Amino acid sequence: MHVTAIIAAGGRGERLGSTQPKQLLAVGGRPILERSVEAFLSHPAVDAVVVALPQSLVDDPPAYLRSAEGFALHGSGKPLRIVAGGKRRQDSVANAFRAAAPASDIIVIHDAARPFASADLIARTIEAAAESGAALAAVQARDTVKRAAASSGAGTAKAVPYESHPDYESHPDCESNPDGLVVAETLARETIYLAQTPQAFRRAVLSAALALACDATDEASLAERAGHPVRIVQGEASNIKITTAEDLLLAEAIAGAAIRNPQSATARTGRAGTGYDLHRLVEGRPLVLGGITIPSDRGALGHSDADVVCHALTDAILGAACLGDIGRHFPDSDPHWKDASSLDLLRRAVTLAAEQGLGVGNVDVTVILETPKIRDHIEAMRAAVAGAIGVDAARVSIKGKTNEGVDAIGRGEAIAAHAVALIRAIQK
């Protein structure tokens, strides 16, 4: 399943009263936009990201979004595109949707102004959309909810529709000036949910929603109008939208709490796993390491592409998550995995760990091979592995050793790899 994330950052945040777009403001020492984009670029379920920005930022994007090769945020290894936003939010999303890869099965949309969405919330929203067609994060109302209407102004207040009130045109700002409003009814708060993002959709559902010629404050509303049921995913109280100066103060408090108590953020626990793989070297096979084909007259013999780097890492991640080993999930007796990309098997292992609420922190691999030397290919291997496991390349270490002529590896008859993976509880 191919998932593309759209980060809606096309607005200017005028209600915040800042001289620069609010998405560029720092919270906890990091720009709001960087936090939101990184949450999706680093997520193992997301394959690509499209960011909708004001035209001025498209012309001169922030440094953390720039890369000549289309990759960003410290070598995440995932494609990132920047498009110009539109006059309305839905116009910005539509522009980004047109830039998404045609192969995208699920499109997940997120407000750049919500920098604290957890990896768990993102995963649950994507999963719900894959199952139901459309899904949004939302939190149940905690306070008693009143529906307001304009007073008739004659004697005892009588609720009338606000737009029907004779002073409607002269008092349009109901939100900031509630004087003259009365309670029309009290709503059952058990049925009231406050919408957040992420919101995720099957591609066809979002396409139909965006085709509607009507205004809406979010894509879920458009999907509803297009006749598609939208599933509610339990949101998070900390997943606030920064709109006003008061919100910015609250965001600083949330970011500060995460810094003071990192266990409440990304690393509640740490778990380590080790992996090992060995294959014979034979003529007529490509030598694939870390998803990169290395020039060689011999390659590893195996059911899949026999990539010892990915196989050892897959075992290390599965082991750390107590999910068995590579043979249990991808047996060589199953023709489905014949000549399979081991990089894809590694991605699947990361997804299995994510389903247990666990994400990769960092990995270390030692390749034991007499010839050829791999030093010139290590950076490409690190980037490919980082993209597969959803971390920065700075968290991936790969190094090569020889066996000094000892045993089958030393005689050039085999290749082996040892791996260590540290995994952590995903932020909730």
Side-chain angles (χ1 to χ4, degrees), residues 5 7 26-49 51 61-80 115 118-119 122 255 258-259 262-263 265-275 289-292 294 307 309-310 312-314 316-317 320-321 342-343 346-347 349-351 353-354 358-367 374-401 417-427:
I7 308 300
V27 169
R30 295 178 59 203
I32 294 169
L33 178 60
E34 181 181 9
R35 286 177 176 271
S36 297
V37 173
E38 186 176 37
F40 288 84
L41 272 180
S42 63
H43 199 285
V46 175
D47 299 289
V49 175
V51 183
Y64 49 83
L65 295 184
R66 297 175 189 165
S67 174
E69 297 180 0
F71 300 120
L73 284 175
H74 319 299
S76 68
K78 296 180 183 178
L80 182 147
S118 73
I122 294 169
I259 293 172
Q263 287 189 338
T266 57
R268 295 177 183 269
T269 59
R271 304 170 69 169
T274 64
L289 297 175
I292 304 300
I294 310 297
D307 183 336
V309 170
C310 290
L313 273 176
T314 298
I317 292 169
S342 297
L343 211 57
L346 180 58
R347 290 190 189 96
V350 171
T351 299
L358 299 166
V360 177
N362 66 285
V363 298
D364 183 26
V365 184
T366 300
V367 179
I374 65 171
R375 67 170 68 93
D376 293 338
H377 308 284
I378 283 179
E379 293 308 311
M381 292 159 58
R382 291 177 63 207
V385 168
I389 64 178
V391 303
D392 293 344
R395 299 185 186 181
V396 177
S397 170
I398 300 175
K399 51 196 181 293
K401 302 288 184 182
H418 294 268
V420 176
L422 177 67
I423 64 175
R424 310 177 297 188
I426 293 173
Q427 176 184 346

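Everything numeric here is computed off the predicted structure, so don't read it as measured data.
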Next item on the list: Search all heavy atoms of P44 against all heavy atoms of A354 and return the closest pair with its distance.
Entry: CG-CB, 4.3 Å

Checklist line | Pairing residues for T274 by the side-chain hydrogen bond (donor to acceptor under 3.5 Å, both in side chains) criterion, not counting sequence neighbours | finding: none

Notebook entry, point to check: What closest approach, in Å, do A321 and I423 show between heavy atoms, and which atom pair accounts for it?
Noted result: N-CD1, 3.5 Å

Check: When rounded to the nearest 0.5 angstrom, what is the spacing between CZ in R347 and OG1 in T314?
Finding: 11.0 Å

Notebook entry, point to check: Quick one: ring pair (Phe, Tyr, Trp, His ring centres under 6.0 Å) partners of H377, sequence neighbours excluded?
Noted result: none

Item checked: Side-chain heavy atoms of L289 within contact of I398, under 4.5 Å -> no

Note to self: Restricting to non-hydrogen atoms, name the atom on G290 and the atom on V385 that form the minimum distance, rounded to 0.1 Å.
What the structure shows: CA-CG2, 4.0 Å

Item checked: Sequence-distant partners of T366, side-chain hydrogen bond (donor to acceptor under 3.5 Å, both in side chains), two or more places apart -> K399

Item checked: Backbone N/O of G361 and side chain of R424: donor-acceptor pair under 3.5 Å -> no

Margin query: Donor-acceptor pair, distance only, cut-off 3.5 Å: does the side chain of R271 make one with the backbone of L358?
Written below: no

Item checked: Worked check of side chain to side chain contact (heavy atoms under 4.5 Å, CB included) between L313 and I389 -> CA-CA 10 Å; L313 273 176; I389 64 178; 5.6 Å; no

Next item on the list: Please answer whether the main-chain N or O of G291 pairs with a side-chain N or O of D307 as donor and acceptor at a distance below 3.5 Å.
Entry: yes

Next item on the list: First locate atom OG of S36, then atom CZ of R30, and finally report the distance between them rounded to the nearest 0.5 Å.
Entry: 9.5 Å

Item checked: Atom of C310, atom of L343 and distance for their closest heavy-atom approach -> SG-CD1, 3.5 Å

Check: Do you know which two heavy atoms are closest between V46 and F40, and how far apart they sit?
Finding: CB-O, 3.4 Å

Check: Shortest non-hydrogen contact from V396 to R382?
Finding: O-NE, 2.7 Å

Next item on the list: For A316, check side chain to side chain contact (heavy atoms under 4.5 Å, CB included) against everything at least two apart and list the hits.
Entry: A419, A421

Checklist line | Partners passing side chain to side chain contact (heavy atoms under 4.5 Å, CB included) against I292 (at least two apart in sequence or in another chain) | finding: I294, A380, M381, A384

Item checked: By side-chain hydrogen bond (donor to acceptor under 3.5 Å, both in side chains) - contacts of K401 (at least two apart) -> none

Next item on the list: Take E38 and D392 through the side chain to side chain contact (heavy atoms under 4.5 Å, CB included) test and state the conclusion after the steps.
Entry: CA-CA 10 Å; E38 186 176 37; D392 293 344; 4.3 Å; yes

